[in-house]
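These notes concern the structure reproduced below.
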Amino acid sequence: MNKKKLTLGEALIAVDILSRDQLNEALRLQEKTREKIGRILLNLGYVTPEQLAYALAHQQGFEFVKLSDMSISPKVIKLVTYDLCKKYALIPIEMENDVLKIAIADPLNLIALDDLRVCLEKEIQGVIAEEGDIQAAIKKYYSQAEKSAQPYLGKKTDIQLESNVDVINALKAEGEEVGDEEAPVIQLVSRIIVEAFKRRASDIHVEPMKDEVRIRYRIDGVLREAPGPSKALQGSVISRLKIMAKLDIAEKRLPQDGRIKLQIQNRDVDVRVSTLPALYGESIVLRLLDREQLLLTMEAIGFSEDDEKTFTNLINVPNGIILVTGPTGSGKTTTLYASLHAINKPNRKIITVEDPVEYQLSGINQVHVKPAIGLTFSSGLRSILRQAPNVIMIGEIRDLETANIAIEASLTGHLVFSTLHTNDAASTITRLIDMGVKAYLVASAVQAILAQRLVKKICSYCKEPVKPKSDLLELLGISAEKAKHATFYQGRGCKECSQTGYLGRIAIFELLVLNDEICELIYKKVSSNIIRERARQCGMRTLREDAVAKVFQGLTTVVEVIRVTQSDID
């Protein structure tokens with residue numbers, strides 16, 4: 001039976017620091033002021049900061065240490081930089097058996113401990129010390145030289161070679177000349193990018209705040225904070241990124257878009273750069289596009305065996321429209337590129353019109369739309385048709401004109417790929433009709449609609465069996481009898497997955513093939529719900545059903561499926 005955790009006030013009583021009357025008095029005062037109980041007790045003089053920290057350690061089950069009575073090795077101090085210690089109010093105190101013991105004022109600051117665990121690649125053990133004691137220790141153990149050193153931005157990577165010059169050459173912009181005085185900033189930016197790549201981040205967010213520059217990585221669809229540079233380096237870091245992306249460093253009032261080409265760990269990486277003027281400086285987002293991740297096989301993307309076979313047959317037909325739908329960040333681009341890669345043969349001419357071109361594909365003609373000069377999806381498509389392509393890929397159907405040109409192309413012998421932002425496959429049909437496309441044209445031109453989402457995969461390093469709650473299984477339509485014969489899994493949390501239990505993502509699909517029965521319903525302009533139910537009777541798996549199948553395969557969790565397919569649950 002789990003023992004109920006004490007409140008902070010009860011913990012103070014348990015360690016004989018506070019009396020019951022004193023606690024009651026503080027609680028009555030808290031009802032009026034709404035302040036934290038610890039602050040009230042300090043103001044009343046009933047506890048000292050050290051006693052409060054001691055009780056907090058008792059409450060949370062942490063060891064309490066008094067730093068003024070300790071001597072910390074310089075080798076241990078060098079493991080964590082001054083900036084990181086100041087930011088999170090912590091200090092390293094001991095290293096034993098590859099476990100680093102960290103004294104921290106707030107044991108609930110899981111971000112701080114998690115950042116250290118990932119960056120240092122070491123197990124972290126937290127202990128509690130009084131904040132004033134920590135600040136005094138930081139002042140005592142960190143010299144002026146260490147305080148002014150470059151902020152720590154993660155573990156050493158393979159791009160940090162023998163000298164700063166090597167680092168500069170590894171990530172400097174093409175044809176750029178670099179002076180010695182610029183080397184530290186270039187190395188700093190290089191570390192940010194390479195650390196993001198190492199942690200499998202899809203995006204890097206550089207966000208100037210009032211007193212700091214926040215760095216966040218989007219990993220498996222979730223933003224995770226990383227140690228950032230000091231505010232004093234904000235201008236230099238932003239200018240460096242803009243130089244790499246060939247942007248105008250003098251223009252700070254308007255948004256800009258650029259691109260950086262890199263090679264990290266012998267892999268070609270494209271970085272899309274977007275700047276946005278914000279209150280405390282330009283916010284920059286870098287989108288990392290790894291070619292090896294974009295050009296996946298159908299099986300690697302997450303197709304089931306039967307859906308893979310059906311979709312492979314569809315993308316090899318000579319004409320028609322194949323639509324991939326889903327919200328932003330659902331993996332549509334990866335699926336489209338994988339499809340084009342699979343059919344990219346010498347006997348086919350493939351042209352794409354995109355906004356922007358996500359990644360440059362060998363052997364494919366790609367057009368980047370530029371609305372400012374009149375090169376839109378619709379105008380680009382008209383010119384593309386005069387180039388006699390076999391296959392056309394349109395980044396997105398945004399208006400009736402583009403939709404009509406795409407349909408005209410498909411009806412005149414071209415295979416057309418495109419995307420729409422809809423919640424499921426069936427609603428894509430009603431969306432096209434709502435845009436003004438005639439129902440008979442939708443039925444005649446569209447071959448199939450693939451709706452998709454991304455779910456997080458269970459970390460294979462810490463995967464373990466688990467028994468989900470019956471109400472969660474019921475929510476997904478999994479009967480008790482079926483659950484009895486299945487094994488469910490979850491990730492326990494480890495160094496490889498940054499204690500999240502998940503490592504990577506996989507797509508779930510809903511493949512709607514427009515057969516004669518579905519086309520008949522489209523002619524009648526019935527609702528998307530009726531089309532969806534008829535498609536299910538014809539063998540279509542919904543997003544939820546495909547996700548549940550991946551739960552039974554041990555690829556993802558029940559909780560993750562509920563999170564991603566909530567709108568699909570009846």
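Computed from heavy atoms alone, side chains included, the values below leave out hydrogens, waters and symmetry copies.
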Practice prompt. Examine Lys463 relative to Tyr489 and say whether NZ or CZ is less than 6.0 Å from the centre of the six-membered ring and inside a 45° cone about the ring axis.
Written response: yes

Once you round to the nearest 0.5 Å, how far does [atom1] of [X] lie from [atom2] of [Y]?
X      : Y      : atom1 : atom2 : answer
Ile384 : His414 : CD1   : NE2   : 10.0 Å
Ile364 : Arg348 : CD1   : CZ    : 11.0 Å
Thr310 : Phe509 : OG1   : CZ    : 12.5 Å
Leu503 : Cys497 : CG    : SG    : 6.5 Å
Glu396 : Thr333 : CD    : OG1   : 10.0 Å
Ser190 : Arg240 : OG    : CZ    : 6.5 Å

Indicate whether any N or O donor in one side chain lies under 3.5 Å from an N or O acceptor in the other, for [X] and [Y].
X      : Y      : result
Thr335 : Gln452 : yes
Thr428 : Thr422 : yes
Asp424 : Ser427 : yes

Does this structure show an ion pair linking [X] with [Y], if we count only N-O contacts that are shorter than 4.0 Å?
X      : Y      : result
Asp220 : Arg199 : no
Glu464 : Arg492 : yes
Arg259 : Asp270 : yes
Arg541 : Asp306 : yes
Arg536 : Glu533 : yes

Has the side chain of [X] got a donor or acceptor atom that lies under 3.5 Å from a matching backbone atom of [Y]?
X      : Y      : result
Lys332 : Gly326 : yes
Glu207 : Val285 : no
Gln256 : Thr275 : no
Thr412 : Glu408 : yes
Ser283 : Leu276 : no
Lys210 : Leu279 : no
Glu354 : His368 : no
Glu510 : Thr542 : no

Is any side-chain heavy atom of [Y] closer than 4.5 Å to one of [X]?
X      : Y      : answer
Cys462 : Gln490 : no
Val561 : Thr556 : yes
Tyr217 : Ile192 : yes
Thr565 : Ile508 : yes
Ile343 : Phe417 : yes

Practice prompt. Would you please indicate yes or no on a ring centroid separation below 6.0 angstrom for Tyr440 and Tyr523?
Written response: no

Practice prompt. Step by step, work out the side-chain hydrogen bond (donor to acceptor under 3.5 Å, both in side chains) result for Thr376 and Ser379.
Written response: CA-CA 5 Å; Thr376 62; Ser379 64; 3.2 Å; yes

Worksheet item: Pick one: which of Lys242, Arg253, Lys252 meets salt bridge (charged side-chain N to carboxylate O under 4.0 Å, His left out) with Glu282?
Response: Lys242

Within a reach of under 6.0 Å around [atom1] of [X], are more than 12 heavy atoms found that belong to other residues, nucleotides or ligands?
X      : atom1 : value
Arg431 : CZ    : no
Lys349 : NZ    : yes
Gln537 : CD    : yes
Glu474 : CD    : no
Tyr461 : OH    : no
Lys550 : NZ    : yes

